[in-house]
Amino acid sequence: MRTGGHRRRILSLAVACLMVLFVSGTAAAATPKTIAGVTIRVGININAGDMLPDAVVVYTNSSDVQEDVAYVGTNSDKYWIRDTEWITTGNRYASIGDQPKMRIYLTPNGDYAFRGSYSSSSVTVKGGTFLSARKESDGDLSIVVSIPIKGRYPAPTSAGWYNYGLGRAVWNTELDIYDDYISASLSGYYDICLYRGNSVVHKVENYHGTTYNFYPYMTRQGTYYYKVRSVPHTQAQKQYGTQSEWTVSDEIYIGPEDVSDGSGRQQEAVGGISDGVTGVVGTSQVGWIQSNGSWYFRYPNGTYQSNGWLQLNGVWYLFDSNGRMLTGWQQSKGLWYYLQANGAMYSGWLKAGNYWYYLNTPADGGVEGAMRTGWLTIGGKTYYLNADGIMLEGWQEIDKKYYYFYPGYGYKATNTMIGTYFYVDANGVWNP
């Protein structure tokens with residue numbers, strides 16, 4: 001009996017030992033390996049002015065250089081990319097030098113797990129910059145990175161000469177710099193170079209503006225032209241952007257009777273006050289004069305146009321009290337006007353930013369160029385512009401009545417069903 005009991009005790013002990021070994025072995029097998037570091041690749045292949053793409057292509061176990069519009073990749077067998085999302089605020093157009101932010105979610109593979117925290121020393125981002133990391137409640141790791149927008153600036157367009165103001169160069173005049181796409185595409189700065197034949201006459205670098213008065217440098221008879229190119233300006237633009245190709249203007253001939261006496265050159269117009277106009281000194285030039293990035297108009301008696309409107313060759317220009325020609329949105333005598341980059345007053349439909357406006361044309365009978373508000377009927381279609389001049393779209397309540405204005409077009413719907421349930425009458429009114 002002792003022998004049997006002893007054997008049973010030995011067997012029980014052996015079984016217990018085996019169970020301990022099995023449990024401990026199982027626990028050891030279930031303990032995940034800690035991921036010490038993370039490496040990912042990111043990139044955006046878009047042009048300045050493009051919107052950030054909604055779709056981001058994900059590459060796993062691949063080290064190839066990708067050319068997708070936007071991509072994230074890794075070639076690790078310890079984790080994989082579960083999802084991505086843009087977290088940059090706003091839905092704006094991208095400019096060169098911008099660094100939109102993206103959150104990337106990583107999921108560990110099999111026997112691996114992320115540790116509690118990661119920093120720039122343990123996260124490598126190729127093609128972007130590491131910003132932060134956190135471990136999620138489900139064990140995933142989310143990483144926030146910034147990705148720079150790189151590219152080459154577009155070459156200037158329509159480089160030519162004004163029909164007035166001899167030697168006055170102008171480019172990019174057909175572009176609306178207040179349009180979100182256009183303003184994001186451009187740096188706003190240029191290199192310009194004046195030639196007479198094959199000889200360089202005058203050169204300006206990193207110039208801000210789209211017009212330049214070359215006439216003071218046209219001191220000899222001959223055929224002149226200029227080259228202009230877009231250039232990066234800010235530090236971020238210089239780091240990620242490259243200058244455009246040169247755009248060559250058409251030619252202009254300066255005869256012996258039209259050569260300049262050299263007065264009015266830029267290096268001579270540096271501050272000071274002359275004839276009550278700030279910024280223009282030491283010049284006998286008449287007509288259009290450019291000084292310190294602004295344009296002025298000088299009369300033969302030495303006075304300057306200031307504090308009001310001036311019409312030249314059928315075009316209206318507005319000047320402030322210092323004689324500077326104004327551009328963009330300006331208010332005069334309680335009315336709003338839009339002045340183009342060359343100073344010319346605009347009329348008709350205008351898209352500025354994301355909105356449409358209407359400025360009176362001579363045929364409208366009102367004050368020419370003035371921004372309209374309220375009801376407007378053109379070409380048999382009726383529109384409504386709010387107190388800020390913005391053309392309304394969709395359902396709108398006006399004077400306690402509801403109207404529908406077709407989105408994208410802005411004109412009022414009449415005598416029709418809007419959707420399935422709402423009828424608007426001959427006046428465009430929906431009666432609930």
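Keep in mind that the numbers below use all heavy atoms, side chains included, and drop hydrogens, waters and symmetry copies. If you're wondering where the values come from, they're calculated on a predicted model, not measured in any experiment.
- Using a 30° and 60° split on the angle between ring planes, Phe405 and Trp375 fall in the tilted class, from 30° to 60°.
- Heavy atoms of other residues, nucleotides or ligands lying less than 6.0 angstrom from CZ of Arg82 number more than 12.
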**OP:** Go through the steps to decide whether Trp316 and Glu368 satisfy the test side chain to side chain contact (heavy atoms under 4.5 Å, CB included), and finish with yes or no.
**Re:** CA-CA 10 Å; Trp316 285 100; Glu368 183 180 353; 3.9 Å; yes
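- The minimum heavy-atom distance between Ala184 and Gly49, with the atom names listed, is CB-CA, 4.0 Å.
- Among all heavy-atom pairs drawn from Lys78 and Ile35, the shortest one is O-CD1, 3.6 Å.
- Residues Phe214 and Tyr224 keep their aromatic ring centres 6.0 Å or farther apart.
- Here the two rings, on Trp161 and Tyr226, have centers that are under 6.0 Å apart.
- Evaluated for a side-chain contact (heavy atoms from CB on, under 4.5 Å) with Met391, the options Tyr355, Tyr409, Trp356, Tyr358 yield exactly one hit, Trp356.
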**OP:** Quick one: do Tyr384 and Tyr403 satisfy ring pair (Phe, Tyr, Trp, His ring centres under 6.0 Å)? Show the steps, please.
**Re:** CA-CA 10 Å; Tyr384 191 86; Tyr403 301 86; 8.0 Å; no
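- When atom types are taken as modelled, the side chain of Ser187 and the backbone of Val231 share a donor-acceptor pair closer than 3.5 angstrom.
- For residues 182-194, the salt bridge (charged side-chain N to carboxylate O under 4.0 Å, His left out) pairs, not counting sequence neighbours, are Asp191-Arg229.
- Annotation: cation-pi geometry satisfied between Arg115 and Tyr118 (NZ/CZ under 6.0 angstrom from ring centroid, within 45° of ring axis).
- Shown here for Val42 and Gly128, the closest heavy-atom pair between the two residues is CG2-N, 3.7 Å.
- At most 12 heavy atoms of other shown residues, nucleotides or ligands fall within 6.0 angstrom of atom CD in Glu245.
- By the neighbour-count criterion of 12 heavy atoms within 6.0 Å, atom NZ of Lys150 is sparsely surrounded, having that number or fewer from other residues, nucleotides or ligands.
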Just distance, no hydrogens or angles: give the donor-acceptor pairs under 3.5 Å from side chains in residues 421-432, sequence neighbours left out.
residue : atom : partner : partner atom : Å
Tyr423  : OH   : Asn415  : OD1          : 3.3
Asp425  : OD1  : Asn427  : N            : 2.9
Asp425  : OD1  : Gly428  : N            : 3.1
Asp425  : OD1  : Val429  : N            : 2.9

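- Summarising the geometry of Ala370 relative to Leu335, their closest heavy-atom pair is CB-CD1, 4.0 Å, with the distance given to 0.1 Å.
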Subject >> Verdict with supporting geometry, Tyr71 and Asn45, side chain to side chain contact (heavy atoms under 4.5 Å, CB included) >> reply: CA-CA 9 Å; Tyr71 66 88; Asn45 297 313; 4.0 Å; yes
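- Using cut-offs of 30° and 60° for the angle between ring planes, the Phe297 and Tyr299 rings count as perpendicular.
- Here the options are Trp288, Tyr296, Trp295, the test is ring pair (Phe, Tyr, Trp, His ring centres under 6.0 Å), and the partner is Tyr317; only Trp288 passes.
- Between the side chain of Glu393 and the backbone N or O of Gly408, at least one donor-acceptor pair lies under 3.5 Å.
- Applying the 6.0 Å contact sphere to CD of Gln235 captures no more than 12 heavy atoms from other residues, nucleotides or ligands.
- Here the side chain of Arg152 pairs a donor or acceptor atom with the backbone of Gln243 at under 3.5 angstrom.
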**OP:** Begin from the C-alpha positions of Tyr217 and Arg196 and carry the test side chain to side chain contact (heavy atoms under 4.5 Å, CB included) through to its verdict.
**Re:** CA-CA 10 Å; Tyr217 306 93; Arg196 183 181 64 251; over 6 Å; no
**OP:** Go through the steps for Thr223 and Glu251 under the test side chain to side chain donor-acceptor pair (under 3.5 Å), then give the verdict.
**Re:** CA-CA 6 Å; Thr223 299; Glu251 297 179 341; 5.1 Å; no
Subject >> Stepwise side chain to side chain donor-acceptor pair (under 3.5 Å) check, Asn307 with Ser321 >> reply: CA-CA 4 Å; Asn307 202 30; Ser321 59; 5.5 Å; no
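- When every heavy atom of Thr247 is checked against every heavy atom of Ala155, the shortest pair comes out as OG1-CB, 3.6 Å.
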**OP:** Walk me through it: do Thr382 and Thr377 pass the test side chain to side chain donor-acceptor pair (under 3.5 Å)?
**Re:** CA-CA 4 Å; Thr382 301; Thr377 300; 3.2 Å; yes
Subject >> Audit row: Ile46, Val69, side chain to side chain contact (heavy atoms under 4.5 Å, CB included) steps and yes/no >> reply: CA-CA 6 Å; Ile46 61 176; Val69 174; 3.4 Å; yes
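- Checking Leu106, Ile81, Thr39 one by one against Thr74, the side-chain contact (heavy atoms from CB on, under 4.5 Å) holds for a single residue, Ile81.
- More than 12 heavy atoms of other shown residues, nucleotides or ligands fall within 6.0 angstrom of atom CG in Asp250.
- Among all heavy-atom pairs drawn from Ile149 and Ser95, the shortest one is CB-O, 3.5 Å.
- The main-chain N or O of Thr303 is found under 3.5 Å from a side-chain atom of Asn301 such that the two form a donor-acceptor pair.
- Tyr337 pairs in a ring pair (Phe, Tyr, Trp, His ring centres under 6.0 Å) with only one of the listed residues (Trp309, Tyr346, Trp329), which is Trp309.
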